[in-house]
Amino acid sequence: MRLRRIKVVVPELVALLGYDFSVPEYECTCGMEVVADYKYCPGCGAELDWDRVSKLKKFR
C-alpha cells in the first residue's frame with residue numbers, strides 16, 4: 001500500500017465582479033485563479049477546501 005501526501009489549501013477571495021459585485025473571484029496560494037467548481041487547483045494540483053472559505057457578507 002502506498003501513501004500519498006495531499007496538499008490542501010483554502011482559496012482566497014481577491015475580487016468581487018459583476019454589475020452588483022455578486023461574482024467572487026478566488027485565487028489559490030500558488031497564484032492561479034480558481035472558481036468554485038474546481039476541486040483541485042489546475043496550477044499546483046492542491047485540493048481546494050471550499051468549506052473553509054470565509055463567507056461573503058452583504059455590504060450596504
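Contact between Tyr40 and Gly45 at its shortest, heavy atoms only, is CD2-O, 3.8 Å. Of all heavy-atom pairs spanning Glu27 and Val14, the tightest one is CB-CG1, 3.7 Å. In this structure, Met32 and Cys41 approach most closely via the heavy-atom pair CB-SG, 3.9 Å. Residues Leu13 and Pro24 come closest through the heavy atom pair CD1-CB, 3.6 Å.
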**Message:** Using side-chain contact (heavy atoms from CB on, under 4.5 Å), reason through Val53 and Glu12 one step at a time and then give a plain yes or no.
**Reply:** CA-CA 7 Å; Val53 173; Glu12 179 182 340; over 6 Å; no
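Using a 4.5 Å heavy-atom cutoff, the side chains of Leu16 and Val23 are not in contact. Using a 4.5 Å cut-off on side-chain heavy atoms (C-beta onward), Val9 and Asp49 make no contact.
Applying the salt bridge (charged side-chain N to carboxylate O under 4.0 Å, His left out) test to residues at least two apart or on different chains, none of the pairs has a partner in residues 35-47.
For Glu33, the side chain to side chain contact (heavy atoms under 4.5 Å, CB included) partners two or more places apart in sequence, or in a different chain, are Glu25.
Side-chain rings of Tyr38 and Trp50 stay apart, their centers remaining 6.0 Å or farther from each other.
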